[in-house]
Amino acid sequence: MGGSGEAVSNDEWRGWAIFAIVDARDALAPSAHRMASELVAGAGDTGVSLIELVGEPKGDRERVSAQVGAAAAWAREGGHAVLWLRGHGEPPRSGRDLRRGEYRLFGPGGQAECSVCDLKSALKGEQIDVVILEACYSASLEVLVDLAGTCRVLVGIPGEALGEGFPWGEVASGIAGLERGRERSPGAVVKALCGAISGSGPRGGFPWSISVIDMAGVGDLQRLVNQVGEEAGREIAGAARGVQWARERSALSETLGASCDLLDLSVGLEGSCGSLSVRTACSQLRVAVEASVRANIPMMTGTDRARSGRGGVTVFMPSIGTETIDGYAARAGARIGAGWASFVERYLRYGRELVPLRVP
């Protein structure tokens, strides 16, 4: 194989292929067939393998695992794989749900649902080139940490997927361009994906965005979020005000529910905490987010594409005093690390009354 970032000669080239899994149930059903036709048309001579999940969710996990395994096998044989999953994304749940610490990908409910952990297990340790998660909250830190080491580039949605779907044909055409140019480096992949998404038309009248993330930086994001949690947890009153400000700020740009943009979080904590250690950790986190998120592209009709969205990576952060997330710190929070889990637990236990902060 040729060196990283170089075009590869024909006799060494295994080629790009797209492996797609589409939830064709409920609200997603009308667009499933349109997605399939646009992917095939945009991909040209690039191979496309697509399965649709229909009917009862029983057996979903096995079908998903088989398709993910096919993508892993293609990569293992020297090919370049795009694993594209479109479904109903759900953040970690609370209560007695035994899988509450896992981010969901498919299934309207029950034990047949597939999670990010199932996806990673099906890859069997193989790293593929691109994972596209077309589902709510798929560009969250919890998902990135769970998928660390499984792909080089991840494309996801920081908040709720309120639009009309990804620009399927344009992205497939961008992958086809990599195939024609025999390109495979992460830099070339990021450029092709960002160009395809940025060059597409708007996809709906609600605020949402798509993030293109270089997964090489996930370890730094995880380490720095834990450091921020450890430092900010020492002055929880100020930190709670900063979180509240960040949640309000994030909600201006995207529908995030019980999540918060990492850039907004770092700015809010830096402004509300007095210690130099917190400000330093927040500054380092901002730099890491900006290095890892190669683009955060607003997709709402009427949005100025020349203006970037927010940071493009979110973290689960419910409103203080209004939501009780049973076991979050022990399950999902612990996925990120003990420092962050401890901070979230202290934040959720903090008093209900906060001084309202004005969002500039």
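Along the sequence shown, the residues carry numbers beginning at 1. Side chains are part of it too, since the values below use all heavy atoms of this structure and drop only hydrogens, waters and symmetry mates.
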Original post:
Can you find a pair of side-chain heavy atoms, one from I132 and one from L83, that are under 4.5 Å apart?
Top reply: no
**OP:** Flag the pair I197 / V171 as yes when at least one side-chain heavy-atom distance between them is below 4.5 Å, and no otherwise.
**Re:** yes
Original post:
What are the two closest non-hydrogen atoms of D146 and C117, and how far apart are they?
Top reply: OD2-SG, 4.0 Å
**OP:** Output, in order, the C-alpha distance, side-chain angles, deciding distance and verdict of side-chain contact (heavy atoms from CB on, under 4.5 Å) for V153 and I213.
**Re:** CA-CA 6 Å; V153 177; I213 300 165; over 6 Å; no
Subject >> Flag, side chain of E142 to backbone of F316, donor-acceptor distance under 3.5 Å >> reply: yes
Subject >> Between T46 and E179, a side-chain donor and acceptor under 3.5 Å >> reply: no
Original post:
For S211 and N296, does a side-chain donor sit closer than 3.5 Å to a side-chain acceptor?
Top reply: yes
Subject >> Heavy-atom check, side chain of P167 versus side chain of M299, under 4.5 Å >> reply: yes
**OP:** Please check if the side chain of S250 supplies one atom and the backbone of R247 the other of a donor-acceptor pair under 3.5 Å.
**Re:** no
Subject >> Neighbour count above 12 (heavy atom, 6.0 Å) for K191 NZ >> reply: no
**OP:** Heavy atoms only: give me the nearest A239-A232 pair and the separation to one decimal.
**Re:** CB-O, 3.6 Å
Subject >> Contact summary for A24 and V54, nearest pair of heavy atoms >> reply: CB-CG1, 3.8 Å
**OP:** Return yes if some donor-acceptor pair links the side-chain N/O of S342 with the main-chain N/O of A338 below 3.5 Å, else return no.
**Re:** no
**OP:** Taking only Lys NZ, Arg NE, NH1 and NH2, and the carboxylate oxygens of Asp or Glu, determine whether E38 and R34 approach each other closer than 4.0 Å.
**Re:** yes
**OP:** Test S49 against Q67 for side chain to side chain donor-acceptor pair (under 3.5 Å), laying out the working first.
**Re:** CA-CA 8 Å; S49 170; Q67 183 77 329; 3.2 Å; yes
Subject >> Residue of the set S266, S277, C273 for which side chain to side chain contact (heavy atoms under 4.5 Å, CB included) holds with C282 >> reply: S266
Original post:
For G339, does its backbone N or O pair with a side-chain atom of N226 as donor and acceptor, under 3.5 Å?
Top reply: yes
Original post:
So, for G312 and P158, which heavy atoms are closest and what is the spacing to 0.1 Å?
Top reply: O-CG, 3.6 Å
Subject >> Minimum side-chain heavy-atom gap V293-L263 below 4.5 Å >> reply: no
Original post:
Do T150 and L147 have side chains that get closer than 4.5 Å, going by heavy atoms?
Top reply: yes
Subject >> Lys/Arg N to Asp/Glu carboxylate O, E270 vs R279, below 4.0 Å >> reply: no
Original post:
Is it the case that R14 places NZ or CZ above or below the six-membered ring of W74, under 6.0 angstrom from the centre and within 45 degrees of the axis?
Top reply: yes
**OP:** Compare every heavy atom of I297 with every heavy atom of C194, then report the nearest pair and how far apart it is.
**Re:** O-CD1, 4.1 Å
Original post:
Say you draw a straight line from CG of L123 to CZ of R76; how long is it, rounded to the nearest 0.5 Å?
Top reply: 9.5 Å
Original post:
Is E170 reaching over with its side chain to a backbone N or O of G199, donor-acceptor style, under 3.5 angstrom?
Top reply: no
Original post:
Is it true that a side-chain atom of R346 and a backbone atom of G233 form a donor plus acceptor pair closer than 3.5 Å?
Top reply: yes
Subject >> Geometric class of the Y347/F343 ring pair [parallel <30°, tilted 30-60°, perpendicular >60°] >> reply: parallel
Original post:
So, does E235 use its side chain to make a donor-acceptor pair with the main chain of G274 at under 3.5 Å?
Top reply: yes
Original post:
Considering only heavy atoms from C-beta outward, does the side chain of F19 approach that of L85 to under 4.5 Å?
Top reply: no
Under 3.5 Å, which donor-acceptor pairs link side chains of residues 215-222 to any protein atom two or more places apart or in another chain?
unit_1: Q222; atom_1: NE2; unit_2: R335; atom_2: O; d: 3.4
unit_1: Q222; atom_1: NE2; unit_2: I336; atom_2: O; d: 2.9

Original post:
Would you say W84 and I21 make side-chain contact, with heavy atoms under 4.5 Å?
Top reply: no
**OP:** Answer yes or no: does atom CZ of R294 have more than 12 heavy-atom neighbours from other residues, nucleotides or ligands under 6.0 Å?
**Re:** no
Original post:
Quick one: does D261's side chain have a donor or acceptor within less than 3.5 Å of a partner on T314's backbone?
Top reply: no
**OP:** Please check if any side-chain donor atom of S31 sits under 3.5 Å from a side-chain acceptor atom of R86, or the reverse.
**Re:** yes
Original post:
Between the side chain of S138 and the main-chain N/O of E134, is any donor-acceptor distance below 3.5 Å?
Top reply: no
**OP:** Kindly say whether R61 contributes a backbone atom to a donor-acceptor pair with the side chain of S65 at under 3.5 angstrom?
**Re:** yes
Original post:
At their closest point, which heavy atom of S272 faces which heavy atom of G238, and how far apart are they?
Top reply: OG-O, 2.7 Å
Original post:
With a 4.5 Å heavy-atom cut-off, do S259 and Y137 have their side chains touching?
Top reply: yes
